[in-house]
Amino acid sequence: MAGELEGGLPPMTEEQRREALEKARAARSAAKEARLMLARGEVDPIDVLQDPEGPFARLRVRSFLTAIPGMGTLIAYRLMDAVGISQNKKVGGLGCRQKEALATKLKTVVGRI
């Protein structure tokens with residue numbers, strides 16, 4: 001008990017810490033690549049919404065939306081607000097109705113951008 005914080009996690013060994021840092025680095029790299037794929041137009045955002053997998057599922061919705069070319073932060077927040085999506089929600093955590101509503105709104109907005 002002397003080395004542990006009350007109610008916290010037990011201390012990590014150097015090896016565990018190194019593994020955790022590498023895992024976090026890989027997750028950030030995968031998320032960055034997913035955003036770049038959206039920005040370059042390599043994937044269709046509507047398709048991603050219908051079946052999010054891998055790094056796309058772990059992206060926050062606001063990060064997903066702002067990665068779309070021409071989509072700014074303000075438009076992304078307004079879309080999320082109109083559909084009723086929390087600011088911290090991840091794409092993989094969206095419900096069927098939220099995905100459908102966001103895809104519908106996204107189709108109208110992307111056509112104007």
Side-chain angles (χ1 to χ4, degrees):
M1 267 213 193
E4 293 184 26
L5 294 174
E6 191 172 320
L9 298 172
M12 296 171 68
T13 65
E14 280 301 314
E15 181 63 27
Q16 290 171 325
R17 188 179 320 267
R18 206 171 310 114
E19 288 173 9
L21 287 171
E22 185 55 40
K23 186 177 176 181
R25 191 174 297 120
R28 286 190 305 272
S29 177
K32 179 180 178 182
E33 183 59 33
R35 288 190 306 273
L36 285 173
M37 288 174 69
L38 281 166
R40 290 184 288 222
E42 295 174 9
V43 294
D44 183 17
I46 306 299
D47 292 342
V48 171
L49 275 177
Q50 291 172 349
D51 187 28
E53 56 185 42
F56 291 107
R58 290 186 291 274
L59 280 178
R60 299 219 181 267
V61 176
R62 69 173 181 267
S63 180
F64 166 77
L65 290 174
T66 56
I68 299 170
M71 179 79 64
T73 305
L74 183 61
I75 296 172
Y77 282 139
R78 286 183 179 167
L79 279 175
M80 291 172 65
D81 190 45
V83 176
I85 297 173
S86 168
Q87 300 299 323
N88 293 320
K89 194 74 159 179
K90 293 187 179 186
V91 174
L94 293 174
C96 295
R97 290 183 183 145
Q98 287 176 318
K99 288 179 193 176
E100 190 176 305
L102 185 58
T104 302
K105 292 271 187 192
L106 197 55
K107 287 176 188 175
T108 62
V109 170
V110 171
R112 289 187 283 171
I113 295 176

Inset, instruction - Check whether any side-chain heavy atom of I75 lies under 4.5 Å from a side-chain heavy atom of L65, and answer yes or no. - result: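 Result no, sub-4.5 Å side-chain heavy-atom pair not found.
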Just how far is it from atom [atom1] of [X] to atom [atom2] of [Y], taken to the nearest 0.5 Å?
X	Y	atom1	atom2	answer
Q98	M80	CD	CE	9.5 Å
I85	L102	CD1	CG	4.5 Å
R60	S86	CZ	OG	8.5 Å
T66	R35	OG1	CZ	8.0 Å

Inset, instruction - Please name all residues satisfying side-chain contact (heavy atoms from CB on, under 4.5 Å) with L36, sequence neighbours left out, ordered by chain then number. - result: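 Expected list: K32, E33, R40.
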Inset, instruction - Count the heavy atoms of every other residue, nucleotide or ligand shown that sit under 6.0 Å from CD of Q87, and state whether that count exceeds 12. - result: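 Atom CD in Q87 is crowded, with more than 12 foreign heavy atoms closer than 6.0 Å.
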Legend entry - side chain to side chain contact (heavy atoms under 4.5 Å, CB included), paired with F56, selected from V91, L49, D51, L38: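 Output: one option passes, namely L38.
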Inset, instruction - Under the side chain to side chain contact (heavy atoms under 4.5 Å, CB included) rule, what do V61 and L79 come out as? Steps first, then yes or no, please. - result: CA-CA 10 Å; V61 176; L79 279 175; over 6 Å; no
Legend entry - Main-chain N/O of R25 paired to S29 side chain as donor or acceptor, under 3.5 Å: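 No.
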Indicate the atoms forming the closest heavy-atom contact of [X] with [Y], along with that distance.
X	Y	answer
A34	P55	CB-CB, 4.0 Å
M71	A76	SD-N, 4.0 Å
P52	G92	CG-CA, 4.2 Å
A20	M12	CB-CE, 3.8 Å
V83	A101	CG1-CB, 3.7 Å

Legend entry - Residue pairs fulfilling salt bridge (Lys or Arg N to Asp or Glu O under 4.0 Å) with at least one residue in residues 71-99, sequence neighbours excluded: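 Sorted pair list comes back empty.
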